[in-house]
**Student:** 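Sharing a structure with you now.
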Protein chains: 2
Amino acid sequence: MTIIEDLLANIDEEKKLNIINSAMKEFSKQSFQSASTNTIVKEAGISKGSLYHYFGTKEKLYEYLEYFAIKIIAENIINKVNWNQQDIFTRIKEVSLIKFNLFQELPYLSDFSLKVFENKSAEEIMHKHPDFPLALYSQLYNQNIDYSLFKDEVDVKKAIDIIRWTIEKCGDEYRRKIAENKMAFDYKAIEKEIYGYIDMLKDSFYKKGEK
Amino acid sequence: MTIIEDLLANIDEEKKLNIINSAMKEFSKQSFQSASTNTIVKEAGISKGSLYHYFGTKEKLYEYLEYFAIKIIAENIINKVNWNQQDIFTRIKEVSLIKFNLFQELPYLSDFSLKVFENKSAEEIMHKHPDFPLALYSQLYNQNIDYSLFKDEVDVKKAIDIIRWTIEKCGDEYRRKIAENKMAFDYKAIEKEIYGYIDMLKDSFYKKGEK
DNA sequence: ATAAAATTGACCAACGTAGTCAATAGCTGA
DNA sequence: TCAGCTATTGACTACGTTGGTCAATTTTAT
């Protein structure tokens, strides 16, 4: 991994992004076996030789992408989340918008990550990437959160699932529409739509007067 | 399509199911191009010659699967839904369980359908399969439903989205767990879990005393 | 001007492909 | 039993694509 990073450190950021995006696209559309390095280099606008100079083999390229995806998502969340915010709804809003921002620059990060976790269990990933922030995901919905804001009769664990799922599906739907109708990416519109759903759930799950 | 159906009518149901499941599996894991007919026949336990005797080409096989998937889902829903039921929560429960039952016998129907709609718009599908029941999906959440049961301040359209998404994600999560831990498929357990979420949303979105 | 590093793309052996078709197996009715 | 038929097989083919290499070229740094 270090060797690869050393080599990548010397090429300019835009070319690096091109390669990563192109490779993530191919690996998220095809199985590892079927994914074509020819397709990757063509879309990235580099030569076959360069790709193999940077990464050595297809396997190593894939491993680097795994490492990169995990690292960049975790870094963004850890650094940008306001850990003092005790309202889980606001916390979740923050996380979803952080991810949306990331996915703008790395359009296939979402699909690629999904595919990685489809094929490998968290343990396998932990084994290959020991610094994988497994704990982060539970911290996100637990650390310094004030659960007393929920109505007493609400099952908080289920409520959080519903909020998370709603945001994810809302984002999926939006990206589907963009892909289909060539509808423009409108950050503010997405934000507004997601907030509409979240605020509705907040009204339903929180005690009255806890806005 | 008719020619294919005539040929398929003469082979026994189990073999037909094997072919359909095997082909849906391959097409839902690989792109159309990368999907291998060799893999399909191997898993289905038939010879290459038979597959091409039944379907002619890879394209026609894929088209038949498209047709079959749409038809079987629509048939099941239309015939099994109780259209007199005015409670949308019960309606949605019914639909989700109908689908779960279907997906038990056709494990890749869900993934395959998703992929079909990823790659083609509803219009394209309508064009290729003129009897595609496009209207069914809106009927499902509108026909003979009593919206007055919702609290006045609740946005019903958003509420239905949330319910639908929750069920879908709940099912996804369950299937993921089964695939990962080799956890056994437990129909009653899934039903109970889904009902847990739906009832919670019902408590939140319906007027008090409307259970 | 020179050395070193980065980048190229034609090239290759190996492999998997969709589809074919002569041969075989299995079944039918007499 | 056997002829006639259909359903089924899988070895085979022509071909496209693959991951990876490496001598040659360009770019960069000194």
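Just so you know, these numbers use all the heavy atoms, side chains as well, and skip hydrogens, waters and symmetry mates. A, B, ... follow the sequence lines: proteins, then strands. Residue 1 opens every chain.
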**Student:** Look up atom CD in Glu75(A) and atom CZ in Phe68(A), then write down how far apart they are to the nearest 0.5 Å.
**Tutor:** 9.0 Å

**Student:** Is Tyr52(A) near enough to dT8(C) that one of its side-chain N or O atoms lies under 4.0 angstrom from OP1 or OP2?
**Tutor:** no

**Student:** In whole angstrom, give the distance that lies between atom CD of Glu26(A) and atom C1' of dT17(D).
**Tutor:** 12 Å

**Student:** Rounded off to whole Å, could you give me the CD1-to-P distance for the Ile11(A) and dT26(D) pair?
**Tutor:** 21 Å

**Student:** Tell me the interatomic distance from Leu51(A), atom CG, to dG9(C), atom P, rounded to whole angstroms.
**Tutor:** 14 Å

**Student:** Thr39(A) side chain: which of dG19(D), dT9(D), dT18(D) is closest?
**Tutor:** dT18(D)

**Student:** Between atom CD in Gln30(B) and atom C1' in dT17(C), what is the gap in whole Å?
**Tutor:** 13 Å

**Student:** Check the angle between the aromatic planes of Phe32(A) and Tyr62(A) and answer parallel, tilted or perpendicular using the 30° and 60° thresholds.
**Tutor:** perpendicular

**Student:** For dT8(C), does OP1 or OP2 lie under 4.0 Å from any side-chain N or O of Ser50(A)?
**Tutor:** yes

**Student:** Take the protein atom NZ of Lys16(A) and the nucleotide atom C1' of dA6(C), then report the distance between them rounded to whole Å.
**Tutor:** 17 Å

**Student:** Can a salt bridge be assigned to the pair Glu94(A) and Lys80(A) using a cut-off of 4.0 Å between side-chain N and carboxylate O?
**Tutor:** no

**Student:** For dT18(D), does OP1 or OP2 lie under 4.0 Å from any side-chain N or O of Ser36(A)?
**Tutor:** yes

**Student:** Looking across every strand, which nucleic acid part, if any, lies under 4.0 Å from Lys42(A) by heavy atom: base, sugar-phosphate, or nothing?
**Tutor:** nothing

**Student:** What's the closest nucleotide to the His53(B) side chain, out of dG19(D), dT7(C), dT8(D)?
**Tutor:** dT8(D)

**Student:** Any donor-acceptor pair, under 3.5 Å, between the side chain of Lys48(B) and the base of dA18(C), if you only look at N and O atoms?
**Tutor:** yes

**Student:** If you assign Gly49(A) and Thr37(A) each to the DNA chain D nucleotide with the nearest heavy atom, which residue ends up on the more 5' nucleotide?
**Tutor:** Thr37(A)

**Student:** Please check the phosphate of dA6(C) (OP1 and OP2 only) for any side-chain N or O of Tyr54(A) closer than 4.0 Å.
**Tutor:** no

**Student:** I need the CG-P distance between Leu61(A) and dG20(D), as an integer number of Å.
**Tutor:** 10 Å

**Student:** Please give, in whole Å, the distance from dA7(D) C1' to Asp12(B) CG?
**Tutor:** 12 Å

**Student:** How close or far is atom P of dG20(D) from atom CD1 of Ile40(A), stated in whole angstroms?
**Tutor:** 11 Å

**Student:** In plain terms, say whether Lys93(B) and Glu191(B) are close enough for a salt bridge, that is, a side-chain N and a carboxylate O under 4.0 Å apart.
**Tutor:** no

**Student:** Could you give the distance from CD1 (Ile11(A)) to CG (Asn18(A)), rounded to the nearest 0.5 Å?
**Tutor:** 9.5 Å

**Student:** Do any side-chain nitrogens or oxygens of Asn38(A) fall under 4.0 Å of OP1 or OP2 in dT17(D)?
**Tutor:** no

**Student:** If you assign Ala35(B) and Lys15(A) each to the DNA chain C nucleotide with the nearest heavy atom, which residue ends up on the more 5' nucleotide?
**Tutor:** Lys15(A)

**Student:** Would you indicate which nucleotide in dG20(D), dT8(C), dT8(D) comes nearest to any side-chain atom of Glu59(A)?
**Tutor:** dG20(D)

